[in-house]
Amino acid sequence: MECRHDVDLEEPCPVCGDKVSGYHYGLLTCESCKGFFKRTVQNNKKYVCAENQECRIDKAQRKRCPFCRFQKCLHVGMRLEAVRADRMRGGRNTFGPMYKRDRALKQQRKALIQAGGFRLESSPPVVYSAHPRDFTFAGGLQPDCILPTEQNDCISYQPPSLCSLLPSSSPVGPQYQSVPFSNWTIKSKHTNNCDSPPGSAAATYTDSDELHSSSPQGPGMPRLVTEFLLCDPDELQLQNKISARIQQEQTGWRRLGNPGTFSLMCVMADQTLLSIVEWARTSIFFKQLKVSDQMKLLHSCWSELLILDIISRQVLYGRVGSLLLVTGQEVQLSDIASQAGPTLAGLVQRGQELVERLHILKLDRQEFACIKFLILFNPDVKDLEEHQLVESVQEQAEGALLEYTSRTSSQHLGRFTHLLLCLSELRSLSTLAEDYLYCRHLSGEVPCNNLLIEMLHAKHSWP
DNA sequence: CTAGCCTTGAAT
DNA sequence: ATTCAAGGCTAG
């Protein structure tokens, strides 16, 4: 064994890098940032940044700029709701189960990494995602119910364009690097996780038995499936990140009046899209592609991936009768049916039917992970420079999926076929959703200046 | 203000 | 009875 015993909570505080002392206000942080966050929220402190609101926060300098420190706290996903208004001591809050699952998840990841012999430095992807619906919010879709109010000024957010997001080698675009996403950017830049093994220039994986063996998922899981799973982002981090992002967006909007549910959903979709791009960018095989091909593939399948993301969340964690959002909140389907327009309501209805079909098939995370690659590596996309590589990956993903289903299901061929049928339904659903979004965009209802719009335009300008 | 240590108390 | 993330306290 090369592995030292408990590497347990090795991860540094996401705010300042100091030693983590436990879960505080939604995530693992150090004692000092816990205290700082508490004081700030409890006493409703307002800070001002003497510089450019982009101070670096580390252990040595964290005292220098409380404004930026608090900004970073929110940005990494510390939860205002976890600071108690009544100051009641002791006990447990609604985050309890979430912490528990996060722990289990980290443990599994560790085991998986050990089993597979992977070398993932920090911020590695994860095997099981946390169950996000634990902190159910009472509120419906009204934005003011969704997130707690106030807090300091919002950072103006310039969304990155797809091409500035994609290059993985060179430092990314200037906008992306600045303010809000800095923490993520830095992480992913340094950790380019799933690095391809030495000597495998081609996109081919051989199943060496050493890797084909044990994993937490059970013996003999196809190597590629494990590999795909490891590329998946951490659902809990994602949830925190997007919640924080939307919160900032809202504080910005508050000055301009009520944003409306649809705009909020667009921001959510936009942020999800960002995470999808980030997933792709750091994923095995995809990062070997030329950026031009990467862009073509993503432009072609973003809506499918987006809808698959929503659907997989429902299948894996959702409850009947409600829609589970990426932020962990739940919306009643009946509310959607009554409040949304007929087109949207129809789309949601159709999506829900697909969710039910997949639920009956009992799709798991492994299968969703394969399907994502199946969708991303679409050899039918026009003018690919590395068409063959794309085709090869799709075949391998399909093979891995087939192998995996045959191991978990007795009537695997029927199940596999059914699964592929679901994918074609997903495709037509995503086309409809795209058209719908595009229409609303044309009537000026989609918030401007984001990745969502860029994607919408890309497809409509490329016949 | 900061941050390390202490006390609480619902969930397990 | 134990856990452990909340809030509280207090030197520096």
Side-chain angles (χ1 to χ4, degrees), chain A residues 5-51 53-110 128-138 147-153 183 234-237 239-241 243-244 247 317 319 327-330:
Chain A
H5 42 242
D6 268 345
V7 199
D8 236 314
L9 308 171
E10 280 279 282
E11 290 172 59
C13 171
V15 179
C16 71
D18 200 354
K19 193 184 144 200
V20 161
S21 72
Y23 286 93
H24 304 295
Y25 309 107
L27 37 73
L28 289 167
T29 72
C30 71
E31 195 66 22
S32 74
C33 288
K34 162 198 157 189
F36 171 77
F37 189 77
K38 180 186 68 176
R39 289 193 300 274
T40 302
V41 179
Q42 278 184 339
N43 305 325
N44 196 17
K45 291 248 160 31
K46 304 289 179 200
Y47 308 113
V48 178
C49 177
E51 302 286 320
Q53 308 195 346
E54 46 193 31
C55 309
R56 189 196 299 284
I57 304 298
D58 56 28
K59 189 181 175 186
Q61 305 189 64
R62 64 192 178 199
K63 284 194 234 182
R64 286 244 289 245
C65 181
F67 178 91
C68 290
R69 188 181 187 183
F70 189 60
Q71 237 13 262
K72 194 161 175 192
C73 285
L74 292 174
H75 193 252
V76 300
M78 292 184 79
R79 300 292 199 124
L80 297 165
E81 322 88 276
V83 178
R84 297 172 185 165
D86 56 5
R87 300 200 163 200
M88 166 138 31
R89 305 172 77 191
R92 291 282 143 91
N93 62 13
T94 46
F95 291 92
M98 174 175 96
Y99 295 144
K100 192 178 165 189
R101 238 173 274 102
D102 190 56
R103 251 188 272 271
L105 172 158
K106 281 182 160 60
Q107 192 124 336
Q108 295 220 9
R109 183 168 72 209
K110 211 168 76 181
Y128 275 99
S129 75
H131 198 314
R133 71 168 184 230
D134 276 299
F135 32 110
T136 42
F137 293 53
L147 291 161
T149 46
E150 63 174 320
Q151 268 352 289
N152 54 11
D153 277 357
N183 190 50
D234 181 326
E235 174 88 7
L236 185 63
Q237 273 182 19
Q239 184 180 308
N240 279 331
K241 191 77 64 173
S243 299
Q247 203 165 317
Y317 314 112
R319 288 196 280 213
T327 49
Q329 300 151 279
E330 284 185 296

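Owing to the predicted nature of the structure, the values given are computational and were not obtained by experimental measurement. By convention in this document, chain letters (A, B, ...) are assigned in the order of the sequence lines, proteins followed by strands, and residues within each chain are numbered from 1. We use all heavy atoms of the structure for the numbers below, so side chains are in, but hydrogens, waters and symmetry mates are not.
Rounding to the nearest 0.5 angstrom, the gap separating the CZ atom in Arg79(A) from the CZ atom in Phe95(A) is 5.0 Å.
Residues Arg92(A) and Val83(A) both approach DNA chain C. Their nearest nucleotides, taken by heavy-atom distance, put Arg92(A) toward the 5′ side. Nearest-nucleotide positions on DNA chain B place Pro66(A) closer to the 5' end than the other of Gly90(A) and Pro66(A).
With sequence neighbours left out, the side-chain hydrogen bond (donor to acceptor under 3.5 Å, both in side chains) criterion links Arg84(A) to no other residue. The side-chain contact (heavy atoms from CB on, under 4.5 Å) test applied to Arg39(A) returns Phe36(A), Asn43(A), not counting sequence neighbours. With sequence neighbours excluded, the residues that form a side-chain contact (heavy atoms from CB on, under 4.5 Å) with Lys59(A) are Asp18(A), Arg62(A).
From the 5' end on, the contacts that DNA chain B makes with chain A at under 4.0 Å to a non-hydrogen atom open and close at dC1(B) to dA11(B).
Among the protein residues, Arg69(A) comes within range of the sugar-phosphate backbone only, with heavy atoms under 4.0 Å from sugar or phosphate atoms but none that close to a base. Using a 4.0 Å heavy-atom cutoff across all strands shown, Arg39(A) reaches at least one base atom of the nucleic acid.
Using a 4.5 Å cut-off on side-chain heavy atoms (C-beta onward), Val15(A) and Met78(A) make contact. Using a 4.5 Å heavy-atom threshold, the side chains of Lys63(A) and Ser32(A) count as separate. Tyr99(A) is not listed as a side-chain neighbour of Leu28(A), based on a closest heavy-atom distance of 4.5 Å or more.
In this structure, Leu28(A) atom CG and dA5(C) atom P are separated by 8 Å, rounded to whole Å. Rounded to whole Å, atom P of dG7(C) lies 11 Å from atom NE2 of His24(A). Regarding Asn43(A), its CG atom lies at a distance of 12 Å from the C1' atom of dG7(C), rounded to whole Å. Between Lys100(A) atom NZ and dT2(C) atom C1' the separation is 14 Å, expressed in whole Å. In this entry the distance linking CD of Glu81(A) with P of dG7(C) reads 12 Å, nearest Å. Counting to the nearest Å, the C1' atom of dT3(C) and the OH atom of Tyr99(A) are 14 Å from each other. Separating the CZ atom of Arg84(A) from the P atom of dA5(C) is a distance of 11 Å, rounded to the nearest angstrom. Between Phe37(A) atom CZ and dA6(C) atom P the separation is 10 Å, expressed in whole Å.
Contact between the side-chain N/O atoms of Gln42(A) and the OP1/OP2 oxygens of dG8(C) is found at a separation under 4.0 Å. The side chain of Tyr25(A) contributes an N or O atom lying less than 4.0 Å from OP1 or OP2 of dG7(C). Residue Asn93(A) places none of its side-chain N or O atoms closer than 4.0 Å to OP1 or OP2 of dA5(C).
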